[in-house]
Amino acid sequence: MRISWKNTQGRTALLAGTGLLAMTAAVATRAQSAGSSVWSGAYTAEQADRGKAAYATNCAACHGPTLTGGDSAPPLSGGVFLNNWNGTTTGDLFARIHDTMPASDPGSLGGKTVADIEAFIFQANGFPAGTTPLPSDPQLMTGTKILGTKPAG
Amino acid sequence: MPSLSRRSLLLSTGATLLLARAGFAQRAPGWTPPPIPPHDPKVDTEWRHYAADQANTRYAPLDQINAANFNNLEVAWRFKTDALGNRKEYQFEATPLLVKGRLFLTAGARRDCVALDAATGEMLWMYRMDEGQRAANAPRQLSGHGCSYWTDGTIERVLFVTTGYRLVSLDAATGIPDPDFGDKGAIDLKSDFDQEIDPLTADVGLHATPLVVKNVIVVGASHSAGDVPATRFNVKGYVRGFDVKTGKRLWTFHTIPKKGEFGYDTWLDGNADQAGNAGVWAQMSADEELGLVYLPVELPTGDEMGLYRHGPALFGESLVAVDIMTGQRKWHYQFVHHGLWDRDIPCAPILCDIPHDGKMVKALAQPSKQAFLYVLNRETGKPIWPIVERKVAAGDVPGEWYSPTQPFPTKPPAYDRQGVTPDDLIDFTPELHAQALDLVKNYVIGPLYTPPTLSKVSGPFGTLIAPGVQGGTNWPGGCYDPETCKVYVYSKTVIQLVGIVPNTDKNVSDFAYVHGMAGIAPQAQRAMGAANEYAGFRPPPPPPPGAPKGPRLGPLTVQGLPLVKPPYGRITAIDLTKGDIAWQIAHGETPDNIRNHPALKGLKIPRTGREGNLGPLCTKTLVICGESGFFTNAQGVRGAMLRAYDKATGEEKGAVYIPAPQSGSPMTYMLRGRQYIVVAIGGGNYSGELVAFKLPKES
């Protein structure tokens with residue numbers, strides 16, 4: 001992933017007045033910086049592995065073992081899913097899962113489990129794994145977009 | 001006790017319930033009911049039933065909003081449902097009723113019932129019932145399709161079915177339960193049901209509106225999806241009529257006949273005794289003059305497996321006309337014999353008077369998941385145009401019973417793709433088509449009613465069916481123009497895999513075979529919230545050495561594109577004076593992933609439409625329908641469009657932005673000289689919202 005230093009951190013650097021602080025900020029926000037997307041590695045493979053098991057326990061009964069949806073629940077992979085979430089953020093999807101799922105006990109899954117499940121959904125949709133885990137706090141996820149199609153370049 | 005202001009009553013929802021249930025809210029000092037908003041019965045129109053009227057036309061002869069000014073529509077008000085229930089809701093399917101300047105609907109994750117000022121969207125009252133675990137266990141949750149209205153000219157009642165399957169009757173002026181109805185305003189629908197079921201865990205509920213007809217309120221039943229049914233002894237989906245004033249049960253219609261009743265002998269080996277489901281989860285229609293209610297019945301237990309319901313098995317997938325006052329069957333028509341494709345009748349038949357053979361006929365038109373519009377004489381149940389029995393193939397599932405024939409209407413023609421042939425597959429480019437042909441080699445394909453196949457790791461992986469198990473047309477149904485005798489119906493075009501796999505785990509299901517895919521252990525389906533200790537993941541057994549790779553996981557796509565050719569969603573106008581299709585258009589903007597797909601770069605692709613579940617609205621000149629999915633518009637903004645088409649030609653006449661897809665069906669009314677269009681929207685990251693449009697004054 002390429003980050004434009006000037007665009008994403010220039011303001012912080014100016015305000016902080018020290019290069020060191022600016023660099024720290026850059027590292028901390030690297031995975032979530034403005035303009036980043038699920039195509040630049042928004043989760044880790046280990047996270048998706050945990051998410052696979054959590055999905056099977058909490059989601060598969062309604063959304064299907066292969067995320068294709070069921071009679072009472074929409075698909076979580078493929079065109080219908082990608083089009084309806086295209087342009088939202090990873091935090092939007094996190095909030096939807098966290099607040100409304102599983103239908104049997106909404107709000108019962110902790111942030112870590114929700115992030116794991118979301119990571120598994122991303123993996124199933126072909127988004128690449130990266131080195132920074134998907135955060136378990138949606139407030140840290142506002143800058144990473146879900147894009148149904150890989151951006152050019 | 002402190003006096004209650006209207007504001008505190010609205011805010012303190014718990015207090016509302018407490019007072020209402022105790023029956024003394026009306027006597028609370030200082031409290032006055034919310035005023036009835038200004039309205040003029042001489043010029044205003046009303047919308048007293050889910051789809052406008054008992055005929056389910058979803059038609060209003062209004063033309064203030066028309067082709068010339070549709071694009072000028074502005075948002076009159078929004079009503080966000082987030083504050084209702086204990087969490088946001090994203091599946092807001094209600095259509096409001098409009099009576100005397102007030103909208104009545106159900107909304108929110110808990111399915112509260114609310115009254116709004118129809119001119120401003122301001123809440124007048126709300127009613128909630130916290131049903132705890134009983135609601136969490138319910139098979140059909142969230143806001144539901146709405147509520148029903150009854151009046152004798154003086155008393156006004158709003159009735160709805162709660163998530164936990166109670167029928168509630170409220171005073172339309174205050175939202176306070178009617179103390180003379182049932183037990184303090186509610187009936188427990190899990191009792192007095194001609195069968196003993198557990199009130200907390202039984203797999204039955206209803207998200208459709210009950211049907212008010214004369215002084216009777218008719219209530220159906222719905223259950224969990226039946227692809228992997230927990231048990232073949234499920235709750236039977238009987239239909240009941242109740243006295244709308246007292247809640248007394250008047251009649252019960254056994255959708256699965258008891259021994260000695262008509263239809264029992266269409267089941268082999270007494271299978272009717274044990275089978276469950278066969279509910280009416282769809283909306284219903286009624287003709288007060290004929291004294292008939294029309295019941296669209298779903299399958300008995302097992303959406304794709306008929307192992308324990310051998311025979312044609314009435315009244316599965318049948319439309320049944322029963323007497324309003326007694327529930328006695330007058331006639332029935334079975335659209336699918338012993339169905340294996342989940343072809344529940346998903347929506348209400350549209351009652352229509354049409355010219356046929358030189359005279360006017362009282363008819364009905366039934367949209368369906370299989371994309372046939374069945375047109376019957378609604379007095380007799382006889383087809384208007386011949387419906388013929390044609391031979392269909394049998395399948396290979398051990399223990400299954402196959403109907404040798406299925407009914408095929410000769411008119412009107414099917415309004416969406418039926419069955420799967422190479423010609424139905426994606427062909428934007430020869431390469432994509434070749435990949436699609438290669439993909440389907442591993443599946444059974446064939447015409448409509450090709451049976452589900454055993455899914456094998458070595459192939460075939462199952463049967464590809466079109467329409468998919470959700471249709472075609474689903475719960476919103478169609479609309480109807482009584483002036484030109486045209487039905488307008490939305491349908492989606494989907495190819496779906498139906499495979500059957502053996503099941504030996506009694507903790508998953510007591511069916512020997514269930515819907516599934518080879519190589520993946522079947523997983524229990526259950527009432528949404530029912531505790532299930534077996535819901536945990538059980539990995540599939542490892543494939544034997546040297547075994548073929550097995551079916552691909554995930555959706556059936558070619559380079560991420562739908563396997564089927566577009567359109568993926570369409571609106572069809574069907575002329576019932578001739579039994580022909582008058583016009584058909586793709587409905588819904590081309591999805592982002594198709595517009596941006598690298599394999600399609602440089603190709604000019606007409607609007608593809610979108611798959612979804614949509615109900616159109618018919619006015620004096622227009623057919624109006626929102627889109628079913630998000631897309632990114634020219635301004636780079638996510639959202640959808642509410643579109644208007646010339647009802648005579650299908651030509652698009654206008655479109656206005658809605659920030660999320662249509663999730664309920666639009667309705668319209670005149671109020672104090674202004675026409676409003678109101679529609680429920682939501683989905684994805686956008687929680688449920690009711691949005692009202694009207695024209696600016698200068699228009």
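Heavy atoms only: backbone and side chains are in, while hydrogens, waters and symmetry mates are out. To find a chain, count down the sequence lines: A is the first, B the second, and so on, and within it residues start at 1. Everything numeric here is computed off the predicted structure, so don't read it as measured data.
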Notebook entry, point to check: For A/Ala124, is it the side chain, the backbone, both, or neither that has a heavy atom closer than 4.5 Å to a heavy atom of chain B?
Noted result: neither
Margin query: Please classify the contact of A/Pro75 with chain B as side chain, backbone, both or neither, using a heavy-atom distance under 4.5 Å.
Written below: neither
Item checked: Exercise: identify the closest heavy-atom pair between A/Ser104 and B/Ala136 -> O-CB, 4.3 Å
Any donor-acceptor N/O pair, [X] side chain to [Y] backbone, under 3.5 Å:
{"X": "B/Asn593", "Y": "A/Gly148", "answer": "no"}
{"X": "B/Gln523", "Y": "A/Thr57", "answer": "no"}
{"X": "B/Arg638", "Y": "A/Asn86", "answer": "yes"}
{"X": "A/Asn84", "Y": "B/Phe630", "answer": "yes"}

Check: Does some side-chain heavy atom of B/Asp592 sit less than 4.5 Å from a side-chain heavy atom of A/Thr149?
Finding: no
Considering only distance and modelled atom types, tabulate donor-acceptor pairs under 3.5 Å from the side chains of residues 93-103 of chain A, sequence neighbours left out.
unit_1   : atom_1 : unit_2   : atom_2 : d
A/Arg96  : NH1    : B/Gly684 : O      : 2.9
A/Thr100 : OG1    : A/Arg96  : O      : 2.6

Note to self: Counting only non-hydrogen atoms closer than 4.5 Å, does B/Asn86 touch chain A with its backbone (N, CA, C, O), its side chain (CB onward), both, or neither?
What the structure shows: neither
Notebook entry, point to check: Partners of B/Glu589 by salt bridge (charged side-chain N to carboxylate O under 4.0 Å, His left out), sequence neighbours excluded?
Noted result: B/Arg607, B/Arg643
